[in-house]
Amino acid sequence: MRYATRIVALSIVALLLFLVGALAVQTWLNRQHSQIQAEAIAAKRVQFDAAAQLTADRPDRWSPPHLNAIGEVIQAHVQRFSSDMPRPPAGIIRLLQPIPGMAEGGVAIDFEMPHVARLSLLHGRTWGLLLVGCLAVMVLFIMLALATARRVNTETRTPWPATKTEMGSLEPLARASAAQ
């Protein structure tokens with residue numbers, strides 16, 4: 001096997017192993033981020049239910065001041081849900097909580113993503129940048145190895161072909177000398 005072919009084959013194997021490992025880590029990070037987000041949503045839902053139970057005796061139940069009071073308790077922005085609500089900005093999670101007897105069907109609870117979820121998201125993005133950087137470096141090394149392999153001097157190769165042709169030309173001369 002030639003030098004260049006061997007380098008390319010080993011580089012491709014190393015690249016494939018790296019990609020498989022990176023894909024596995026990225027999948028794991030995505031699952032962890034989804035799990036953290038689901039736990040935050042479940043916790044906020046429990047907090048909302050508890051705050052709604054505590055303020056159940058208010059005469060202005062489910063009015064904007066009541067929803068603001070619940071929002072202050074659970075550290076979120078709580079408002080009646082409507083279909084024309086704008087999307088929440090990045091880093092904000094919107095939870096739709098159904099309320100029996102409410103005309104629109106429920107309330108929208110907007111709260112900040114937990115710090116741990118933000119860190120896991122940042123970690124995933126950093127991992128992606130690291131992956132792209134490593135791939136670029138690996139491709140650079142492959143190209144350098146191929147360029148170096150093309151410049152291999154013939155003097156550094158094994159001299160067997162040149163020696164074989166030289167000995168082939170000396171063989172008839174040796175037979176002629178032995179016959180004399």
> What pairs of residues pass the ring-ring contact (aromatic ring centres under 6.0 Å, His included) test when at least one of them lies in residues 33-67, not counting sequence neighbours?
Replying inline: Trp62-His66

> Mind checking what makes side chain to side chain donor-acceptor pair (under 3.5 Å) contact with Gln47, not counting sequence neighbours?
Replying inline: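 Lys44.
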
>> Taking transitive links into account, so neighbours of neighbours count too, which hydrophobic residues share a cluster with Val13 at under 4.5 Å side-chain distance?
In response: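 Once heavy-atom contacts under 4.5 Å are chained together, Val13 belongs with Leu17.
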
>> Enumerate the side chain to side chain donor-acceptor pair (under 3.5 Å) contacts for residues 170-180, please, sequence neighbours excluded, ordered by first and then second residue.
In response: Glu171-Arg175

> Which side chain to side chain donor-acceptor pair (under 3.5 Å) pairs, counting each pair once, include a residue from residues 23-32, with sequence neighbours left out?
Replying inline: none

Holding to side-chain contact (heavy atoms from CB on, under 4.5 Å), I want the full list of residues that pass it with [X], two or more places apart in sequence or in another chain.
| X | answer |
| --- | --- |
| Pro64 | none |
| Ala14 | Met138 |
| Leu10 | Arg6 |
| Arg45 | Ile41, Asp49, Leu95, Gln97 |

> So which pairs with a foot in residues 16-26 pass salt bridge (charged side-chain N to carboxylate O under 4.0 Å, His left out), sequence neighbours left out?
Replying inline: none

Closest approach of [X] and [Y], non-hydrogen atoms and distance?
| X | Y | result |
| --- | --- | --- |
| Pro86 | Arg94 | O-NH1, 2.8 Å |
| Phe111 | Ala76 | CB-CB, 3.9 Å |
| Ala51 | Ile74 | CB-CG2, 4.0 Å |

>> Is any side-chain heavy atom of Glu112 closer than 4.5 Å to one of Ile92?
In response: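 The answer is yes; the side chains approach within 4.5 Å.
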
>> The criterion is salt bridge (Lys or Arg N to Asp or Glu O under 4.0 Å); which residues satisfy it with Arg58, sequence neighbours excluded?
In response: Asp60

> Glu72: what forms a salt bridge (Lys or Arg N to Asp or Glu O under 4.0 Å) with it, not counting sequence neighbours?
Replying inline: none

>> How long is the straight-line distance from CG of Leu135 back to CG of Leu19, given to the nearest 0.5 Å?
In response: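 It comes to 5.5 Å.
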
>> Hydrophobic clusters here meaning ILVMFWY residues chained together by side-chain heavy-atom distances under 4.5 Å, can you tell me if Met85 and Leu96 are in one?
In response: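 Met85 clusters together with Leu96.
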
>> Leu67 and side-chain contact (heavy atoms from CB on, under 4.5 Å): which single residue from Arg61, His77, Arg80 fits?
In response: Arg80

>> side-chain contact (heavy atoms from CB on, under 4.5 Å) for Val25 and Leu29? Distances and angles first, verdict last.
In response: CA-CA 6 Å; Val25 168; Leu29 282 173; 4.2 Å; yes

